[in-house]
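See structure below.
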Amino acid sequence: MLEIEGLSIGFRDVEPPLEVVRDFSLTMEPGEIVGVVGESGSGKTMTALALMGLLKSRARITSGRMMFEGRDLLTLSRKGWEEVRGKEISMIFQEPMTSLDPLLTIGRQMEESLRLHTDLDRRERKRRVLDMMEQVGLPQPEKLYGCYPHQLSGGMRQRVMIGAALITNTRLMVADEPTTALDVTIQAQILALLKKMNQEHGTAILFISHDLRVIRSICSRVVVMYRGEAVEMGSVEEVLSSPQADHTKQLIAAIPDRENRLRGGKERS
Amino acid sequence: MEKGFYRYNMVVGGILAGVMTVFMLVGLFYTPYDPETMDPFLKFAHASLAHPFGCDQFGRDIFSRVLQGSGTTFLVAVGTLAIGAGTGTFLGLATGYFGGWPDEAIMRFNDLIVAFPSILLALISISLLGPGKYNVILALGIVFIPSFARIVRSEVIVHKDMDYVKSARLMGVGHMRILFVHILPNIKGTLFSALAIGFNNAVLSEAGMSYLGIGVQPPDASIGRMMSEGQAYIFTAPWSILFPGVVMILMVLGFGLLSDGCGDRDA
């Protein structure tokens, strides 16, 4: 479904030219959840933005190929991108507190994609939105429909974002650190929701995170990025149980869980 | 104290601006006496029930003239804002959002206009176009473009990188829709307060130009012109300059307070 091959992204207007993503390749099958893990600045978000055609104008794709369902994304026109974005590929961010327009009601924001990409009339759109609110676990959809973002908690806003991203039955959702800004219990709920939506709608998810624990709980495959390069790729179990790259080992060692603490204690004693 | 203080500003400003707007609107359509009719028996008549603001050196009813004059002022101010704020907002949206060399070119041209004393610029335009209500609107309108362009531009630059705009882009929203449906409503607080200040400046500029004799021309009454005419009688008949002055102060005060209130509510 998605095929990224030898993607490089760089800034050309600085001296010396800076390459932030080097020779990145990734394939995704429909309905798959693939994780991208790496420290801050490793090029995860740049890759995601390139996939959405939203790189800042200073950043350029210097080489590589991106195919989505047989279409070459790199040759799309502006109009072409506007057709793909939101309809076939959507994205959610880390910060659910700021990702919603403060002056538009929840219902209005969730129906934006429908408004842009379908010919549904107002009543039909509202029905779809209410239905989606139900699916993403927002209580009292009728009441929330007319609420403004500031009246909702962070977890609820992230549910709204997920609902808005999936309402047009998108084929692929890019989730850029969607749980990082949430506390642990809400984080678990959102992960469960993403998994549920993935199973029910068959939407593939490219899950970007710096947290291997989160990746482990939701992804089937994982790509480890370090300084703009994919240093390791494979199924989650494989990568976690027998990491090959040094950086992967460091990331695993950085998981503050019980086993690690015990192991650390043994070594010291 | 801060919050209450500003809310108080907003309420007082709102009421005052509202009353003055009604006053100006009435002045466009109705005056108790014909503002042009001269009556030698009423020359410098004191304020009375029949003539609440008294009469001027030609025996014209000052209240009627102030009413009509503020109507003219209102028209000029609104026209100026329509041109200045309309064009300025449009330029600010475009340059702030798209950036690049058009932004650079337009903003430098903006700087050029700003670097010129605005009253001088208006004077030049008037000497090219000739005096009169509509030319004043055009001249002031052009002078007002840069400030709106700059205010809107800086707000757009702040908002265009916010996550909600990014999310909208990610849903496939086009540039025009982002600008007018997503960004513009979010900067309207700032825009309103700039509009209220702009209205004030337009009122004062029009009065200033009319005072200098290059603004509104007879037979149209204007507050600025009344003050310039009344100046000669400031000691013998102070009411002929006092009342137009007071009306203008109330007008400017009302919109000024309103602007303060708007700005705070937005913050």
Side-chain angles (χ1 to χ4, degrees), chain A residues 45 48-49 51-58 76 78-104 108-118 149 157-158 160-168 170 172-177 181, chain B residues 3 89 92-107 151-195 261-267:
Chain A
T45 301
L49 287 177
L51 182 57
M52 300 299 298
L54 282 181
L55 282 176
K56 292 265 157 181
S57 52
R58 290 175 54 227
L76 281 183
R78 193 169 58 88
K79 267 260 165 293
W81 268 118
E82 277 163 18
E83 279 296 303
V84 169
R85 270 186 225 130
K87 193 179 179 196
E88 292 171 41
I89 311 181
S90 59
M91 183 167 174
I92 57 174
F93 296 124
Q94 176 173 354
E95 270 299 331
M97 306 307 270
T98 56
S99 300
L100 293 166
D101 189 328
L103 294 183
L104 294 181
R108 180 68 187 63
Q109 314 211 25
M110 287 186 69
E111 67 157 27
E112 184 88 349
S113 280
L114 289 178
R115 216 180 249 260
L116 292 163
H117 301 296
T118 66
R157 285 187 223 191
Q158 198 58 291
V160 170
M161 290 305 293
I162 292 169
L166 293 179
I167 200 156
T168 46
T170 41
L172 171 65
M173 176 161 81
V174 181
D176 188 359
E177 306 256 8
Chain B
K3 262 253 129 33
T89 303
L93 283 173
T95 54
Y97 188 74
F98 295 108
W101 67 263
D103 171 36
E104 201 62 31
I106 291 173
M107 290 326 280
I151 290 168
V152 170
R153 177 177 176 271
S154 63
E155 283 288 305
V156 170
I157 287 174
V158 170
H159 282 264
K160 78 169 176 183
D161 281 330
M162 290 219 195
D163 285 344
Y164 75 86
V165 172
K166 269 197 257 168
S167 326
R169 293 281 294 140
L170 290 168
M171 287 179 193
V173 181
H175 291 308
M176 284 302 132
R177 198 176 159 80
I178 294 263
L179 272 176
F180 290 100
V181 178
H182 294 273
I183 295 183
L184 194 56
N186 272 294
I187 63 175
K188 68 170 190 273
T190 313
L191 198 55
F192 278 153
S193 96
L195 276 175
C262 279
D264 178 67
R265 199 199 46 170
D266 188 48

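Every chain is numbered from 1 and lettered A, B, ... according to where its sequence line falls, protein lines coming before strand lines. Here the structure is a predicted model, which means the values were calculated and not measured.
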Under 4.5 Å heavy-atom distance to chain B, tell me which part of A/M91 shows up: side chain, backbone, both or neither. both

Using a strict cut-off of less than 4.0 Å between a Lys/Arg side-chain nitrogen and an Asp/Glu carboxylate oxygen, indicate whether B/R177 and A/E112 qualify as a salt bridge. yes

To check you understand the geometry: which heavy-atom pair defines the closest contact between A/S99 and B/S167, and what is its length? O-OG, 2.9 Å

For A/Q109, which atoms come within 4.5 Å of any heavy atom of chain B: side chain, backbone, both, or neither? backbone

Working to the nearest 0.5 Å, report the span between CG of A/L49 and CZ of B/R169. 11.5 Å

Is A/S90 close to B/L170 at the side-chain level, that is, under 4.5 Å between some pair of heavy atoms? no

Per-residue contact mode, B/V165 against chain A (heavy atom under 4.5 angstrom): neither

Any idea which of A/E83, A/K79, A/K87, A/R115 has the most non-hydrogen atom pairs under 4.5 angstrom with chain B? A/R115

Could you report the tightest heavy-atom contact between B/M171 and A/A164, atom names first, then the distance? CE-CB, 3.7 Å

Between B/Y164 and the options A/L103, A/L104, A/D101, the side-chain contact (heavy atoms from CB on, under 4.5 Å) test singles out A/D101

Once ring pair (Phe, Tyr, Trp, His ring centres under 6.0 Å) is applied, do any residues pair with B/F180, and if so which ones, sequence neighbours excluded? none

Residue B/H175 versus chain A: region with a heavy atom under 4.5 Å: both

Set out, in order, the CA-CA distance, both residues' side-chain angles and the distance that settles side-chain contact (heavy atoms from CB on, under 4.5 Å) for B/V181 and A/R108, then state yes or no. CA-CA 12 Å; B/V181 178; A/R108 180 68 187 63; 3.8 Å; yes

Atom pair CG (B/D163) and CE (A/M161), whose distance is rounded to the nearest 0.5 Å: 8.0 Å

